[in-house]
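For the numbers below, each heavy atom of this structure counts, side chains included, while hydrogens, waters and symmetry mates do not. Chain letters run A, B, ... following the sequence lines, proteins first and then strands; every chain starts at 1.
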Amino acid sequence: MSNDTPRRDFIREMVAEDAASGRFGRPICTRFPPEPNGYPHIGHAKSICLNFGIAREFGGKVHLRFDDTNPFTEDIKYVEAIKRDIRWLGFEWDEEFYASDYFERLYEIAVALVRKGKAYVDSENEEEIREHRGTVTVAGTPSRYRDRSVEENLDLLARMKAGEFPDGAHVLRAKIDLAHPNMIMRDPLLYRIRHATHYRRGDAWCIYPLYDYAHGLSDAIEGITHSLCTLEFKDNKDIYDWLVREAGFTPPPEQTEFARLVLDYTVVSKRKLLRLVNEGHVTGWDDPRLHTLSGIRRRGVTPEAIRAFADGVGVARKPARTEMAAYEHAVRNDLNMRVPRVLCVVKPLKVVITNYPEGQVEQLEASYYPHDVPKTGSRMVPFSRELYIDRDDFMEDPPKKFYRLGPGREVRLRYGYFITCTDVVKDAAGEVVELRCTYDPATRGGDSPDGRKVQGTIHWVSAAHAVDCELRLYETLFTVPDPDDVPDGQDFTSVLNPNSLTVVRGAKVEPSVAADPIGSRYQFERTGYFVSDDDSKPGALVFNRTVTLRDSWAKEKGKS
RNA sequence: UGCCCCAUCGUCCAAUGGCAGGACAGCGGUCUUUGGAUCCGCUAAUGGUGGUUCGAAUCCACCUGGGGCAACCA
């Protein structure tokens with residue numbers, strides 16, 4: 001786990017109390033209950049960390065339960081993706097369950113409710129039911145079928161199950177109160193008819209329980225103690241409690257709500273993700289610009305970083321938005337201690353070292369890690385007469401605070417030599433195409449014996465040895481923190497960031513990385529953290545920028 | 001408009017009737033063979049009005065503001 005002394009949020013305090021008092025007479029048991037109809041995202045990660053974390057911290061168990069009660073939308077491919085992503089995050093469930101395995105038990109409970117007069121078959125159509133439910137300010141009115149006899153209800157329910165009726169002909173509803181101030185309690189629907197093939201149960205069933213019915217009872221059946229969900233289910237707690245009580249579960253599991261994670265500049269709803277994918281705004285569910293766990297993974301973020309981020313965000317009841325800076329901090333903080341540094345030139349500018357012997361190649365030792373990272377290792381990087389540096393590291397007419405190369409200036413080539421720019425070569429259009437420099441042979445490795453200081457250190461590669469690569473530079477997918485906060489008549493697609501992806505071809509990376517496997521992470525010194533992409537091939541390397549380095553020069557530039 | 005939930009630095013989270021604190025961001029400095037990292041310092045908050053109390057961010061009332069609920073979705 002990423003932390004040994006987890007923050008005591010209000011949920012953990014409650015669980016600690018319940019564990020100490022023995023309230024449930026059994027070990028703490030939580031659950032993660034995804035519906036297998038989409039890919040897990042950063043918001044799920046918070047819930048996973050909470051539920052799995054609590055089970056671990058309190059010596060309890062955690063169940064992975066697929067809430068697969070809607071045959072229209074669910075698919076086995078999503079259960080595989082969800083399992084893969086939970087494991088990637090670093091968690092393993094104690095038990096794996098499916099709500100669809102409880103269909104028989106759930107049906108028995110429904111029959112019992114009918115027998116008790118607590119549920120009835122309603123034969124009004126969808127529209128009538130909606131109308132009769134009333135509104136938030138006006139009470140609903142009972143269905144004309146509400147007072148059917150127990151016998152008739154039992155008969156109808158059995159025939160619904162037997163497949164005698166078409167979709168929509170009848171529903172099973174709890175008999176509570178059509179005037180209830182909580183809309184959820186106005187005789188909520190328990191079962192609907194769906195002649196559809198379920199991805200696990202096939203055609204065994206043609207009636208399917210709704211969320212409110214299946215969820216609480218599934219918790220109760222499994223002996224869940226703490227059922228943690230997001231704020232929007234607060235009103236559903238009434239029906240949750242009603243059902244587990246009517247079904248006779250004691251002590252009943254307790255639902256507690258917390259605020260979902262909302263990350264600035266992102267969207268995670270399945271509907272919106274689907275549109276982004278289908279309309280081609282992104283390349284797929286694992287597009288590195290998306291905050292699906294598959295996108296995050298492809299972007300090069302580690303599970304440890306996500307866990308640290310989730311811990312840092314905390315758990316509370318207040319709906320909140322989290323700044324992207326907090327996320328990026330967690331990512332950099334993790335990568336800083338983890339990945340080797342290598343040299344990569346993004347926009348190459350040729351440099352000829354005029355006093356360096358033609359044809360000579362030196363191998364210079366370059367540490368993989370800076371002095372303050374407790375890891376060791378190094379590789380040799382070739383140095384020769386013709387190099388590339390980044391265009392951004394040269395200015396013909398540099399301002400005072402620009403510490404890099406300019407005419408007549410001396411800088412250090414990282415792990416290399418001090419060089420001084422003597423000439424600037426331009427093409428017919430006046431663009432700088434080459435720099436001519438001299439090097440100081442006494443500064444090999446980057447130190448000058450005479451104690452002479454240079455302002456700047458820049459990265460470089462040897463022109464003849466560097467490997468061409470493609471860089472994919474990502475920015476936020478949206479231009480505004482809240483992509484749903486747009487003028488009337490527009491939606492989140494109107495605030496897509498046209499610069500969310502910049503593909504750089506012809507970048508030059510040092511040869512040491514040429515044969516590394518896909519998924520290898522690096523810091524390209526002074527540029528950012530990168531990971532080799534799934535598309536990367538030997539001879540056609542592709543790197544995703546996971547996150548930039550903090551850049552105080554960019555800030556300084558912005559001031560003027 | 002009925003019911004429910006919520007309200008602390010710019011952001012996120014603490015303080016559980018007794019000195020409002022941490023993290024991120026920002027600003028300034030230190031250090032530096034990454035304008036990275038580190039280290040140091042600074043800025044910055046209890047939505048409002050009443051009440052209870054020796055004492056209120058905390059308890060109560062009202063107000064204001066934000067969010068959720070009227071799918072045969074979850």
Side-chain angles (χ1 to χ4, degrees), chain A residues 7-10 13 33-35 37-38 67 69-70 72-73 122 125-126 129-131 133-140 167-168 170-173 179-186 189-194 208 210-212 214-215 229-238 257 259 261 264 270 311-330 332-333 336-337 341 343 366-367 370-373 401-404 412-416 418 443 445-447 454-459 481 523-529 548-557:
Chain A
R7 178 200 297 270
R8 268 298 164 93
D9 52 73
F10 78 99
E13 281 189 17
E35 183 188 16
N37 71 344
D67 219 333
T69 56
N70 187 349
F72 286 176
T73 59
D122 194 353
N125 64 38
E126 196 168 342
I129 289 175
R130 196 180 316 121
E131 275 172 20
R133 186 151 33 220
T135 70
V136 290
T137 51
V138 350
D167 289 7
H170 309 282
V171 292
L172 184 73
R173 301 180 72 174
H180 199 108
N182 180 356
M183 296 292 298
I184 300 277
M185 294 296 272
R186 322 249 259 224
L189 274 60
L190 272 24
Y191 272 94
R192 79 286 220 191
I193 300 172
R194 289 266 224 253
Y208 290 91
L210 279 103
Y211 167 82
D212 279 319
H215 187 76
C229 64
T230 45
L231 254 24
E232 69 270 25
F233 292 101
K234 175 67 194 176
D235 290 330
N236 301 65
K237 185 175 174 165
D238 284 347
E257 311 83 23
L261 173 66
D264 278 352
K270 287 162 189 165
D311 285 344
V313 162
V315 180
R317 275 197 156 107
K318 178 179 62 168
R321 300 192 67 86
T322 297
E323 292 182 333
M324 185 56 76
Y327 176 78
E328 293 194 339
H329 169 79
R332 290 192 189 102
N333 201 41
N336 177 44
M337 301 302 279
R341 273 65 171 171
L343 304 179
S367 171
H371 60 90
D372 51 1
V373 170
K401 288 190 169 175
F402 186 81
Y403 299 152
R404 285 109 98 150
R412 171 169 40 235
L413 295 178
R414 177 132 243 230
Y415 307 121
F418 286 11
T443 58
D447 279 311
V454 286
Q455 278 275 43
T457 299
I458 65 176
H459 56 282
Q523 183 197 102
F524 291 169
E525 292 211 31
R526 303 206 313 129
T527 300
Y529 293 97
T548 61
L549 259 31
R550 288 184 69 209
D551 187 352
S552 57
W553 165 243
K555 246 181 251 173
E556 185 66 38
K557 258 196 312 190

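- Looking at heavy-atom distances under 4.0 Å, A:Arg414 makes contact with a base.
- Judged purely by atom type and a 3.5 angstrom limit, A:Arg186 uses its side chain to pair as donor or acceptor with the backbone of A:Thr135.
- Of the candidate nucleotides B:G36, B:A74, B:C24, B:G36 has the atom nearest to the side chain of A:His371.
- One interatomic measurement links the two molecules: CZ of A:Phe10 to C1' of B:C12, which rounds to 15 Å at whole-angstrom precision.
- Counting distance only, with no hydrogens placed and no angle test, the side-chain atoms of A:Glu323 and the base atoms of B:G10 include a donor-acceptor pair under 3.5 Å.
- Nucleotide B:A74 forms no Watson-Crick or G-U wobble pair with any nucleotide shown, as no partner meets the under 3.5 Å limit on both distances.
- Pairing for B:G41 goes to B:C27, judged as Watson-Crick or G-U wobble with the two contacts each under 3.5 Å.
- On a pure distance criterion of 3.5 Å, no polar donor-acceptor pair joins the side chain of A:Arg332 and the base of B:G36.
- Comparing B:C73, B:U38, B:C13 by their nearest atom to the side chain of A:Asn70 picks out B:C73.
- Taking the P atom of each, B:A56 and B:G18 are spaced 11 Å apart, rounded to whole Å.
- For the C1' atoms, the distance linking B:U43 with B:G28 amounts to 10 Å, nearest Å.
- Note: A:Trp553 and A:Phe402 have perpendicular aromatic rings, judged against thresholds of 30 and 60 degrees for the angle between ring planes.
- Taking syn as a glycosidic angle within 90° of 0, B:A25 does not qualify and is anti.
- Closest approach of A:Ala366 and A:Tyr415 over heavy atoms only: CB-CD1, 3.3 Å.
- Across A:Arg526, A:Arg414, A:Arg412, A:Arg404, a single residue satisfies side-chain hydrogen bond (donor to acceptor under 3.5 Å, both in side chains) together with A:Thr457, and that is A:Arg412.
- Close to B:C27, at under 4.0 Å from its OP1 or OP2, lies a side-chain N or O of A:Lys555.
- Checking the phosphate oxygens (OP1, OP2) of B:C4, no side-chain nitrogen or oxygen of A:Lys237 falls inside 4.0 Å.
- Checked against B:C5, B:C24, B:A37, the side chain of A:Ala326 finds its nearest nucleotide in B:C24.
- Summarising the base pairing, B:C62 is matched to B:G48 through a Watson-Crick or G-U wobble pair whose two defining distances lie under 3.5 Å.
- Within the 3.5 Å criterion, the main-chain N or O of A:Asn125 finds no donor-acceptor partner in the side chain of A:Arg130.
- In this structure, A:Ile129 atom CD1 and B:C72 atom P are separated by 7 Å, rounded to whole Å.
- If you measure from atom CE of A:Met185 to atom P of B:A70, you get 15 Å, rounded to the nearest angstrom.
- For A:Arg404, the side-chain atoms get nearest to B:G35 when compared with the rest of B:G67, B:C69, B:G35.
- Between the side chains of A:Glu35 and A:Thr73, at least one donor N or O sits under 3.5 Å from an acceptor N or O.
- A:Phe72 comes within contact range of no nucleotide atom at all, as no heavy-atom separation falls under 4.0 Å.
- Here the side chain of A:Asp235 pairs no donor or acceptor atom with the backbone of A:Met183 at under 3.5 angstrom.
- Taking only distance into account, the side chain of A:Asp235 meets the base of B:G68 through a donor-acceptor pair shorter than 3.5 Å.
- Applying the side chain to side chain contact (heavy atoms under 4.5 Å, CB included) test between A:Leu190 and each of A:Asp212, A:Leu172, A:Leu210 identifies A:Leu172 as the sole match.
- Under the Watson-Crick or G-U wobble criterion, with both distances below 3.5 Å, B:C19 is left unpaired in every strand shown.
- Comparing atom distances between the A:Arg550 side chain and each of B:G35, B:A37, B:G2 picks out B:A37 as nearest.
- At least one side-chain nitrogen or oxygen of A:Arg130 sits closer than 4.0 Å to the OP1 or OP2 atom of B:A71.
- Of the P atoms belonging to B:U1 and B:U49, the separation is 24 Å, rounded to the nearest Å.
- Among the protein residues, A:Arg412 comes within range of the nucleic acid bases, having at least one heavy atom under 4.0 Å from a base atom.
- With B:C72, B:U34, B:C12 as the choices, the nucleotide that has an atom nearest any side-chain atom of A:Ala320 turns out to be B:C12.
- The 5' end of RNA chain B is approached more closely, in terms of each residue's nearest nucleotide, by A:Ser552 than by the other of A:Asn236 and A:Ser552.
- With salt bridges taken as basic N to acidic carboxylate O contacts below 4.0 Å, none links A:Glu525 and A:Arg341.
- In the set B:A74, B:C6, B:A14, B:A14 carries the atom at the smallest distance from any side-chain atom of A:Asp9.
- Comparing the P positions of B:C39 and B:A23 gives a spacing of 10 Å, expressed to the nearest Å.
- Candidate nucleotides B:C6, B:G35, B:C72 were compared by shortest atom distance to the side chain of A:Lys318, and B:C6 ranks first.
- In this entry the distance linking CG of A:Leu190 with P of B:C72 reads 12 Å, nearest Å.
- With both ends at atom P, the span from B:U8 to B:C3 equals 24 Å, rounded to whole Å.
- The phosphate of B:C24 (OP1 or OP2) has a side-chain N or O of A:His329 nearer than 4.0 angstrom.
- Between A:Thr69 and B:A74, a side-chain N or O to OP1/OP2 separation shorter than 4.0 Å is present.
- A distance of about 33 Å separates the C1' atoms of B:C12 and B:U52, rounded to the whole Å.
- Going from atom OH of A:Tyr403 over to atom P of B:C31 covers 13 Å, rounded to whole Å.
- Nucleotides B:C4 and B:A37 have their C1' atoms positioned 48 Å apart, rounded to a whole Å.
- Residue contacts shown for A:Glu126 include a base, since a base heavy atom lies under 4.0 Å away.
- For A:Thr137 and A:Asn336, each mapped to the nucleotide of RNA chain B holding its nearest heavy atom, the one lying further toward the 5' end belongs to A:Thr137.
- In this structure, the nucleotide among B:U34, B:C6, B:C73 sitting nearest to the side chain of A:Arg341 is B:U34.
- Of the nucleotides present, B:G68 is the one that pairs with B:C3 by Watson-Crick or G-U wobble criteria, both distances under 3.5 Å.
- Going from the C1' atom of B:C31 to that of B:C40 covers 11 Å, rounded to whole Å.
- What separates CD of A:Glu525 from C1' of B:A37 is a distance of 12 Å, to the nearest Å.
- For A:Arg317, the listed nucleotide lying nearest its side chain is B:C5; candidates were B:A74, B:G35, B:C5.
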